[in-house]
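Beneath this line is the structure, given in structure tokens, with notes to follow.
Keep in mind that this is a model prediction, so the values were computed, not measured.
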Amino acid sequence: MPATDLKPGDHVVVSAGEQVPADGEIVRGLATINESAVTGESAPVLREAGTDRSGVIGGTQVLSDEIVIRITAEPGHSFLDRMIALVEGANRQKTPNEVALGLLLLTMTLTFVIVVATLPFIAGFVGAKLDPLLLIALLVCLIPTTIGGLLPAIGIAGMNRALAANVLAKSGKAVEVAGDVDVLLLDKTGTITHGDRQATRFHPLAGIDRELLRDAAMLASLADPTPEGKSIVRLAREQGAQPVEPQQARFVAFSAQTRMSGVDLGADSGATPRRIRKGAADAIVRHVQALGGAAPVELAARVEQVARSGATPLVVSDGGHVLGVVELSDVVKHGIKHKFAQMRAMGIRTVMITGDNPLTAAAIAAEAGVDDYIAEARPEDKLARIRQEQAGGRLVAMVGDGTNDAPALAQADLGLAMNSGTQAAKEAGNMVDLDSDPAKLLDVVEIGKQQLITRGALTTFSLANDVSKYFAILPALFAAAIPSMGALNVMQLSSPTHAVLAALIFNAIIIPLLIPLALRGVRFRPAGATALLRRNMLVYGVGGVLLPFVAIKLIDLLLTAVSGA
């Protein structure tokens, strides 16, 4: 039957390799389940009937054994439905730059509308008469159309530069926000770490040869298809173990009941086989005791040492003897610590968010070099932290890859989803990193800062143009009716009509000429806000004031020559 027809109280059998069809509770059996699609955590979890860990989530995959689930969620009230509701309730705020630019353009437009509307009354008071058509043309010249025409080009150029860095931006605004980010929140699994546990070290117990532990761990993992098992074989070979094909071997697959796997060597010879096992510490201890052995006192300290470092301990035994511990770590991506240090130097504070326990979270946070971390975080916790930062006036970037990251990605000012993540995460974010590298945010920040500088420079130029045009044209409008104002007509424009027409032609020429600069972008040089403001005012402010005077005069001369001919 379709999963959508399931109702609370229905019982469903789910075997290894199958997906859980809906949220529910295990009523019989136990199994290891991969919940990474919804939680983002790569490590499989053990779910067992009759315990406080019997709940399962729809969309997760059973890796071992067989379980019977009683459906508990009403249609429309599942975990995924709750994530959808959180995403729909998320709302990205307008950035300070966006608000400031909108307010500036609105103020300038209203100012020029009021000025032009009052000119006929001023003209009537002094005995002059202005042509209404000239006033309309003057208003078209003065309102800030230049920056309005260039903003789409600036946004498209930012998206194109982001794409060149293998980041897919869904809007120019997303790129612009990157240039002003104050806080970066990162999901741990798949973002800071590779997302799958890898064998990193062998810890032999006292009196045990390291090569003996290494070879036993490799033999127990030869038939293990999981990433952890493959990584043990790879690490053993990197440390000198020779490839072997054991004869008369019977491999023991992992199961949730035994919580261990391994190999029996010489199982077909009639003699007592050599039983090599690897698995959870308590499971291996029980196995060794069942064979008449005992766990050394040192084992508990070794296991705790590995756990305190944020890694997962796997104990290896050979018959009734414990050999040592294999350390499985969710490996931090190469170079990530240096990238976080660069972000810190740019004034961006980094916060790692993970569902791990505080001990593991602290160890990984220290290794990755983040400024802060949140452990045992639920989707609601991520969303609340982002809203808290935004309420403090900060712009927040969120990097994630799991379905449980989707609400936070939708709420963040910049939501950067990993391409290796779930479809829900990629839909919720406004950027997708095609390389799944969180350090790529550095490139995005630089692209965003360049876009901000480009927009600021062109806005300065545009507004300076408008003010300059006003003082260039106004004296020409009144000079004919009021001879005393002729002294203010320093450009000696031939007539009011030519003055306004020259300004219109200048507008029509300057926007296409500035499009290449908008697309290429103003060159970004790391510098303080004061230095950047001074440079923009000098180059684009002064240039924006002087250029219209020169251009309008030249166009007026050309119009006079054409009309005279």
Test item: D433 side-chain N/O and M418 main-chain N/O as donor-acceptor pair under 3.5 Å:
no
Does a sphere of radius 6.0 Å around NE2 in H11 hold more than 12 heavy atoms from other residues, nucleotides or ligands, not counting ones at 6.0 Å or beyond?
yes
OG (S78) and CG (L6) are apart, to the nearest 0.5 Å, by 11.5 Å
Check: Q450 main-chain N/O paired with T454 side-chain donor or acceptor under 3.5 Å
yes
Passes side-chain contact (heavy atoms from CB on, under 4.5 Å), Y373 versus I192? Steps please.
CA-CA 12 Å; Y373 68 90; I192 293 177; over 6 Å; no
Heavy-atom donor-acceptor pair, E389 side chain to L185 backbone, under 3.5 Å:
no
Backbone N or O of I26 within a donor-acceptor pair of the S54 side chain at under 3.5 Å?
no
Atom pair CG/CD1 of L519 and I156 - distance to nearest 0.5 Å:
8.0 Å
Heavy-atom side-chain contact between I364 and V332 under 4.5 Å
yes
Can you tell me if T350 uses its side chain to pair, donor with acceptor, with the backbone of D371 under 3.5 Å?
yes
Note, I232 side chain near D224 side chain (heavy atom, < 4.5 Å):
no
Measure the spacing between CZ of R214 and CG of L219 and express it to the nearest 0.5 Å.
10.5 Å
Mind checking the CE-CZ spacing from M343 to R349? Nearest 0.5 Å is all I need.
14.0 Å
Got more than 12 heavy atoms from elsewhere within 6.0 Å of CZ, R344?
yes
Examine distances only and state if a side-chain atom of D182 and a backbone atom of L395 form a donor-acceptor pair shorter than 3.5 Å.
yes
Working note: K278 + S261, criterion side-chain hydrogen bond (donor to acceptor under 3.5 Å, both in side chains); need CA distance, chi angles, decisive distance, verdict.
CA-CA 6 Å; K278 73 174 194 298; S261 61; 3.1 Å; yes
Quick check against the 3.5 Å criterion: does R277 have a side-chain atom that pairs as donor or acceptor with the backbone of V315?
no
Take a 6.0 Å sphere around NZ of K170 and say whether it holds more than 12 heavy atoms from other residues, nucleotides or ligands.
yes
Answer yes or no: is there a donor N or O on one side and an acceptor on the other, between the side chain of N430 and the main chain of G415, under 3.5 Å?
yes
Starting at CD of Q451, measure out to CD of E176 and round the result to the nearest 0.5 Å.
6.0 Å
Kindly compute the distance separating CE (M398) from CG (L184), expressed to the nearest 0.5 Å.
9.0 Å
Do V325 and L299 make a side-chain contact, defined as non-hydrogen atoms from C-beta onward lying under 4.5 Å apart?
yes
